[in-house]
Number of protein chains: 2
Amino acid sequence: MKDNQPILEVDRIIHEPARLLIVTILSMAEKADFLFLLNETGLTRGNLSTHLSKLEAAGYVNIEKSFRGKIPQTLCSLTPAGQEAFEKYRKQINQFLKRT
Amino acid sequence: MKDNQPILEVDRIIHEPARLLIVTILSMAEKADFLFLLNETGLTRGNLSTHLSKLEAAGYVNIEKSFRGKIPQTLCSLTPAGQEAFEKYRKQINQFLKRT
DNA sequence: AAAACAAGTTTGTATTACAAACCGGTTTGC
DNA sequence: GCAAACCGGTTTGTAATACAAACTTGTTTT
């Protein structure tokens, strides 16, 4: 068989709940550091790290590393592509769920 | 580490796009057969089959097998638990996405 | 100087979604 | 009347991935 056409095609990168959370926060905060995201999301550090990496690899978030005194700091922000993808996702899901 | 509390906790059974599609269709049609779902969703038979099994195992859909003449027929419908879970999911996602 | 801590990253594992192969029966072609 | 194609699915094999736990690199504390 090879009858394969996707119907409800949604961006899996954003669809994942943990990342949806992260992206939503970033869409409001416009630049947040690792520890802030850690608190807000309730994720473990490990999972936050990997989800951020995945978002970065997708080109959806920008990650800049710096130092706050002697302590490393990771700042994250949505890229334009990320904002766009998020908006698109929201529209899709809203529209899909609207038609009761 | 063991600081683990889930924040955006969404029903993964329903969250999966293919199953969200199936459940949405069932919520409107109230009893649909395999071939109908196959057309509506655009899934392959194999994937439709496994997703239905998963929904059945979760107690969200009821599957009855019968014959239409000599041809087997699989009828699917949402259980009350399935309807409830779907409604809950919709509310959660809508509410989450609402707060821009 | 050793032990605890901070801020992340990497690794190991179990779950999964999807495609492809399979299967039992039925119809069609010859 | 029998082989080949078709129907309506189910099972299997595999690659991706989400999460927890272990590790790392550097910094305070004691």
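Below, each value reflects all heavy atoms present in this structure, side chains not excepted, and no hydrogens, waters or symmetry copies. The chains referred to below are lettered A, B, ... by the order of the sequence lines, with proteins before strands, and numbering in each begins at 1. Everything numeric in this text was worked out from a predicted model, so none of it was measured.
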Would one find a side-chain N or O of A:R19 under 4.0 angstrom from OP1 or OP2 of D:dA18? yes

Find the distance A:H15:NE2 to C:dT16:P and express it as a whole number of Å. 15 Å

Exam field: side chain A:H15 to backbone A:Y89, donor-acceptor pair closer than 3.5 Å: no

By nearest atom, which of the nucleotides D:dG8, D:dT28, C:dG8 is closest to the B:R45 side chain? D:dG8

Bend angle of the helix from C:dA1-D:dT30 to C:dC30-D:dG1 from five-pair axes at both ends, rounded to 10°? 20°

Using whole Å, what does the distance between atom P of nucleotide C:dT9 and atom CG of A:L52 come to? 8 Å

Look only at the side chain of A:R90 and the backbone of B:L97, and say whether a donor-acceptor pair between them is shorter than 3.5 Å. yes

Within this structure, what is the CG-to-P distance between A:N39 and C:dA7, rounded to whole angstrom? 11 Å

Let me spell it out: for each of A:F67 and B:L35, pick the nucleotide of DNA chain D with the closest heavy atom. Which residue's pick is nearer the 5' end? B:L35

CG of A:L38 versus P of D:dA20: gap in Å, rounded? 13 Å

Starting from P on C:dT9, measure out to CG on A:L37 and report it in whole angstrom. 12 Å

Euclidean distance, atom CG of residue B:L48 to atom C1' of C:dA17 [Å, nearest integer]: 14 Å

Does some side-chain heavy atom of A:D33 sit less than 4.5 Å from a side-chain heavy atom of A:R68? yes

Any side-chain N or O of A:R12 under 4.0 Å from OP1/OP2 of C:dC18? yes

Of the candidate nucleotides D:dT11, C:dA7, D:dA20, which contains the atom at the shortest distance from the side chain of A:I71? C:dA7

Of all the heavy-atom pairs spanning B:C76 and B:L52, show the shortest one and how long it is. SG-CD1, 3.8 Å

If you compare every side-chain N and O of B:H51 against the phosphate oxygens of C:dT16 (OP1, OP2), does one of them come in below 4.0 Å? no

Nearest heavy-atom contact between A:N94 and B:N94 is OD1-OD1, 3.7 Å

Residue A:K70, side-chain atoms from C-beta onward, closest of D:dT27, D:dT12, C:dA7: D:dT27

Could you state the interatomic distance from CD (A:E40) to CE (A:M28), rounded to the nearest 0.5 Å? 8.0 Å

Heavy-atom pair with the smallest gap, counting every atom of A:G59 and A:A81: O-CB, 3.7 Å

Can a side chain N or O of B:T74 be found less than 4.0 Å away from OP1 or OP2 on D:dG9? yes

Counting only non-hydrogen atoms, which of residues 54-64 of chain B are less than 4.0 Å from DNA chain C? B:K54

Please name the pair of heavy atoms, one in A:V61 and one in A:T79, separated by the smallest distance, quoted to 0.1 Å. C-CG2, 3.7 Å

Phosphate contact (C:dA7 OP1 or OP2) by A:R68 side-chain N/O below 4.0 Å: yes

Using whole Å, what does the distance between atom C1' of nucleotide D:dC19 and atom CG of A:N47 come to? 5 Å

Which residue, B:E16 or A:F34, contacts DNA chain C at a nucleotide closer to its 5' end, judged by nearest heavy atom? A:F34

Search all heavy atoms of B:F86 against all heavy atoms of B:I14 and return the closest pair with its distance. N-CD1, 3.6 Å

For B:E30 and B:S27, which heavy atoms make the closest approach, and how far apart are they? OE1-O, 4.3 Å

Take the protein atom CD1 of A:I13 and the nucleotide atom P of C:dA17, then report the distance between them rounded to whole Å. 16 Å

